[in-house]
Amino acid sequence: MAILPPIRGDGTPPNRVPVQEGVPHIHPGGQGEFLDKIETGEELMEINMGPQHPSTHGVLRLVLSLDGEHVRACRPDIGYLHTGFEKSFESHTYQQCIPLTDRMDYLAPPINNFGFALAAEKLLEIEIPPRGQYIRVIVAELSRIASHLIWLGTHAMDIGAVTAFMYCWRERDKILDIMEWISGVRMMTSFIRVGGLMADVPEEFVPMVRAFVAEFPKRVDEYEGLLTANPIFRQRTIGLGVLDSATAISYGCSGATLRGSGVPYDVRRAMPYSGYDQFQFDVPVGVRGDVYDRYLVRVREMREACRIVEQAVEGLPGGPVNTSDRKVVLPPRTEIDNSMESLIHHFKISTEGFRPPPGRVYSAVESARGELGFLMISDGGNRPYRCKVRGPSFSNLSALSYMVQDELMADVVAVIGSIDIILGDVDR
Amino acid sequence: MGLKSDEFLIRRAPLAMAARVGASDLPAIPGAIPAEQDLADAAAREGIFSTTVGKVIAWGRYSSIWPATFGLACCAIEMMGASNARFDLARFGAEVFRASPRQSDLMIVAGRVSQKMGPVLRQIYDQMPDPKWVISMGACASCGGIFNNYAIIQGVDKVVPVDVYIPGCPPRPEGLIEAVIMLQKKIAATPVASIRE
Amino acid sequence: MATPTPAAPSPEGNQSPTEGWRAAELVARMLPADEAEVLVQNRQTTVFIPVERLLQVVQALRDDPSAAYEMPVTMTCSDWPERDLRFEVMYVLRSLVHNDLVTLAVRASEETEVPSLAGLYPGMEWHERECFDLFGLRIVGHPNLTRILLPDDWEGHPLRKDYVSFGEPVAFTHNLEWALSPQDRPEYLPGAIRGSVERS
């Protein structure tokens with residue numbers, strides 16, 4: 001067992017940041033002094049939380065060392081969802097890897113496809129036409145909204161607000177309807193592929209997205225009306241799980257976990273891809289780095305993603321969606337009947353796939369959880385020689401033991417929810 | 001629910017038959033046993049119905065199945081979707097997802113089971129009290145799915161006995177509802193050995 | 001693999017700069033030319049250094065204000081079994097201040113003791129455990145070097161190229177004899193069984 005860090009302060013609960021003036025605040029009943037005397041002790045109790053647990057958001061096991069109700073040490077035990085993705089990538093062709101990537105971050109599958117496709121396209125040195133780029137952005141932002149909706153529903157449900165769970169799924173089902181319309185599958189779409197997309201979107205896509213974008217901001221207002229000024233929610237989240245910016249950076253945190261601590265790092269801004277530099281959007285940043293700030297950052301991110309979708313769908317250009325490089329993307333069926341070359345390309349792509357030149361690249365996208373990176377090494381064959389997936393939740397979760405230090409056991413659940421982990425990214 | 005009306009002997013007696021109480025095609029013989037139909041009608045009007053104990057127990061069991069939360073991966077999201085407002089699993093009695101296996105009777109294995117998770121799965125199954133059922137939701141739980149490698153157990157039926165398998169990756173929420181209905185039919189058809197169970 | 005270039009390109013004109021040039025320049029200042037190799041591919045820099053210099057270089061990359069790579073992005077290995085130094089350990093570091101990214105690479109064999117960076121970057125702790133778990137990389141100075149993704153009693157290191165990853169044979173109608181054990185084999189497909197016997 002690791003050496004336990006010293007107990008901070010004198011053992012009493014840490015002071016919470018006081019809430020703002022003008023907002024109704026219910027003072028908690030005073031903590032009984034009797035209870036405090038019992039809590040402060042020298043013996044620590046080790047308890048096990050998970051892997052089967054309603055609030056760990058997946059199969060995560062935490063070994064907590066408790067002093068009464070305060071957590072003195074937290075050791076996450078992961079690997080309960082280890083699927084061997086990286087080994088599987090080495091035995092599948094690049095296009096065959098796309099359905100595998102869907103299942104890693106399974107709350108926003110198109111973003112995984114996006115990251116893998118971008119990395120492979122960098123190795124192949126091909127460009128995607130603008131229509132393909134815009135549709136990729138729309139699909140990625142819609143799935144970011146869908147992922148944040150699940151986060152909000154489950155996080156609020158863990159804190160106690162069960163209504164949010166039901167409300168968020170209402171919007172998520174609308175997004176999944178759009179995904180089903182374009183790709184046939186609700187969740188694991190495999191829509192964004194190496195070289196472009198699965199196919200061009202049907203004509204109902206634009207009206208459906210417009211309808212969604214028109215009414216989504218009102219829904220976010222509903223969710224905020226339930227939670228943001230709610231004194232119970234604020235009391236449970238303000239001042240909890242504070243992560244300062246230097247610690248967050250040194251743990252490799254990214255996404256809302258890092259932005260909640262005040263660091264304005266967003267991969268879409270730092271290293272723009274697929275036309276993101278053409279859209280106007282804000283990157284919300286928190287102040288204190290507590291659970292409440294991360295909540296505000298993600299809710300604001302939902303609004304910004306809706307803004308990006310609106311801009312993209314209004315400015316959607318025409319033209320092809322896939323690259324014209326016939327060695328990568330299947331030629332259209334009519335061409336196969338007329339051209340011998342296209343027939344051969346079709347045969348080669350369907351049987352052995354394309355072969356990127358030898359090289360290596362690290363390509364990152366901003367997933368709903370943070371920086372999702374693919375370090376891809378090609379040896380010239382039709383399968384990735386090594387494809388390392390940098391899951392954002394892996395690094396974000398390593399900061400958990402820092403964040404729950406000296407917090408109450410009941411608050412561990414709120415902190416886990418605020419990091420927004422997904423075990424598919426952590427364990428791969 | 002697929003149960004035929006003559007399995008339950010609750011019947012609403014039409015008013016027209018009220019006049020036929022005691023009457024039958026046979027001439028009235030003192031001490032004769034009246035026809036089953038009329039007896040049933042008479043009893044039903046009094047609020048008495050007859051069935052077997054086994055059927056009632058089975059009806060109670062399948063009408064309020066309490067699943068244990070065993071969502072592992074992607075299928076868990078569709079399971080959450082199935083319990084939400086659009087595809088409402090609560091209509092079929094399976095509303096209360098219990099966190100503790102000691103209080104549940106259905107384990108929906110939703111997601112891929114890794115080698116590290118296998119013993120945990122078995123332990124949770126063993127902690128559930130009888131009668132218990134297992135639904136293996138999705139391709140990964142049924143047969144290992146698309147992951148035919150070192151890390152994933154190729155089908156949870158290597159670890160726990162499974163009653164219903166749902167194909168799909170992930171199955172639609174309606175697929176889960178279909179599986180619950182199929183399980184309800186299975187429970188209805190299961191003979192209950194003794195009343196003491 | 002492309003031939004390594006000895007000098008790092010600096011930003012010039014309207015061409016967007018290669019990512020990681022600051023690290024390449026810093027390493028070129030610190031180490032003699034025969035110890036460091038710089039590889040530039042797809043406008044990204046990979047710097048190869050000997051394992052003995054790893055801690056020194058990473059400390060400089062983190063603390064020197066001209067480089068300031070303060071965020072550990074990831075760490076991984078790739079396995080090239082035909083080489084003597086079969087593992088290529090790669091550390092990806094990001095500089096938020098300068099908006100820069102570099103991959104630092106170290107070649108190691110199965111017995112090479114790679115120093116741990118967990119003291120410099122707390123985020124590397126779990127990444128190093130993962131490399132130990134999946135590759136069997138020997139890391140020294142790590143606070144808790146145990147398996148992280150696989151069960152503690154697992155034997156072998158799956159992401160090595162000589163580890164055969166296999167779940168279960170898939171049973172089609174033509175390979176029932178091979179794929180299924182005798183009690184699982186169905187009786188009702190005589191043509192299939194006969195066909196597979198004929199082929200063998």
Side-chain angles (χ1 to χ4, degrees), chain A residues 48 50-59 61 77-92 96-97 99-100 102-109 146-147 150 153-154 157 163 165-174 176-177 180 185-188 190 422-424 427-428, chain B residues 67-88 90 97-101 104 107 109-125 127-128 138-140 144-153 168-175:
Chain A
N48 175 61
Q52 191 258 352
H53 194 279
S55 304
T56 51
H57 299 289
V59 282
R61 176 174 173 238
D77 186 11
I78 60 177
Y80 290 91
L81 202 61
H82 179 62
T83 315
F85 276 107
E86 298 172 6
K87 187 80 178 179
S88 300
F89 287 153
E90 293 173 16
S91 55
H92 289 72
Q96 285 173 342
C97 288
L100 286 175
D102 270 322
R103 276 104 188 143
M104 285 190 310
D105 175 356
Y106 41 83
L107 296 186
S147 168
I150 301 187
T154 50
M157 186 168 71
T163 316
F165 186 67
M166 296 285 167
Y167 277 20
C168 292
W169 240 265
R170 180 185 51 186
E171 259 55 64
R172 182 179 152 82
D173 270 327
K174 295 202 178 92
L176 293 183
D177 281 345
E180 194 178 0
V185 189
R186 279 161 55 97
M187 275 170 68
M188 311 303 175
S190 298
I422 190 147
L423 271 299
D427 291 338
R428 281 160 281 119
Chain B
T69 58
F70 209 77
L72 299 167
C74 346
C75 284
I77 312 299
E78 291 291 54
M79 185 168 72
M80 285 195 254
S83 64
N84 258 306
R86 189 188 273 201
F87 316 95
D88 191 7
F97 276 76
R98 305 302 298 175
S100 165
S104 57
M107 184 163 78
V109 186
R112 46 194 186 256
V113 183
S114 72
Q115 301 284 349
K116 206 167 173 179
M117 193 66 192
V120 178
L121 173 69
R122 182 72 210 185
Q123 192 175 15
I124 300 287
Y125 178 77
Q127 283 178 341
M128 286 165 66
C140 294
I146 58 175
F147 304 111
N148 193 358
N149 57 20
Y150 67 91
I152 295 290
I153 294 179
C169 192
R172 284 188 65 105
E174 289 104 330

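Residues satisfying the side chain to side chain contact (heavy atoms under 4.5 Å, CB included) criterion with B:Arg98, sequence neighbours excluded, are B:Trp66, B:Val96, B:Gln103, B:Ser104.
Of the atoms belonging to B:Leu72, heavy atoms from both backbone and side chain fall under 4.5 Å from chain A. If you measure heavy-atom distances from B:Cys140 to chain A, you find no contacts under 4.5 Å at all. Looking at A:Tyr167, neither its backbone nor its side chain comes within 4.5 Å of chain B, counting heavy atoms on both sides. Proximity to chain B is absent for every atom of A:Gln96, based on heavy atoms less than 4.5 angstrom apart. Of the two parts of A:Leu107, only the side chain, counted from C-beta on, holds a non-hydrogen atom closer than 4.5 Å to a non-hydrogen atom of chain B. Residue contact with chain B, scored on non-hydrogen atoms closer than 4.5 Å, is absent for A:Ser91.
No side-chain heavy atom of A:Arg186 sits less than 4.5 Å from a side-chain heavy atom of B:Pro170. Residues A:Tyr106 and B:Glu78 form no side-chain contact, since every pair of their non-hydrogen atoms from C-beta on lies 4.5 Å or further apart. In this structure, the side chains of A:Trp169 and B:Arg86 stay at 4.5 Å or more apart for every pair of heavy atoms. Side chains of B:Met117 and A:Arg61 form no contact here, defined as non-hydrogen atoms less than 4.5 Å apart. A 4.5 Å side-chain heavy-atom check between A:Pro51 and B:Val120 finds at least one atom pair inside the cut-off. For the pair B:Phe87 and A:Asp173, the minimum side-chain heavy-atom distance is below 4.5 Å. Contact annotation: the side chain of B:Ile77 approaches that of A:Met187 to within less than 4.5 Å [non-hydrogen atoms, C-beta and beyond].
Atom-to-atom distance recorded for B:Asn149:CG and A:Thr83:OG1 is 7.5 Å, nearest 0.5 angstrom. Distance NE2/A:His92 to CD1/B:Ile146: 7.5 Å, rounded to 0.5 Å. For the atom pair CG (A:Asp105) and SG (B:Cys74), the distance works out to 10.0 Å, reported to the nearest 0.5 Å.
The aromatic ring centroids of B:Phe147 and A:His82 lie 6.0 Å or more from each other.
For the set B:Gln123, B:Gln115, B:Met80, the count of heavy-atom pairs under 4.5 angstrom toward chain A peaks at B:Met80. Of the residues considered (B:Ala85, B:Ala73, B:Ala99, B:Gly118), B:Ala73 shows the highest number of contacts with chain A, using heavy-atom pairs under 4.5 Å. Comparing A:Met188, A:Lys87, A:Arg103, A:Arg172 by heavy-atom pairs within less than 4.5 Å of chain B, the highest count is held by A:Arg103. Between chain A and the options B:Pro101, B:Cys169, B:Ser114, heavy-atom pairs under 4.5 Å are most frequent for B:Ser114.
Ion pair B:Lys116/A:Asp77 flagged as a salt bridge, since at least one NZ, NE, NH1 or NH2 atom sits closer than 4.0 Å to an Asp/Glu carboxylate oxygen.
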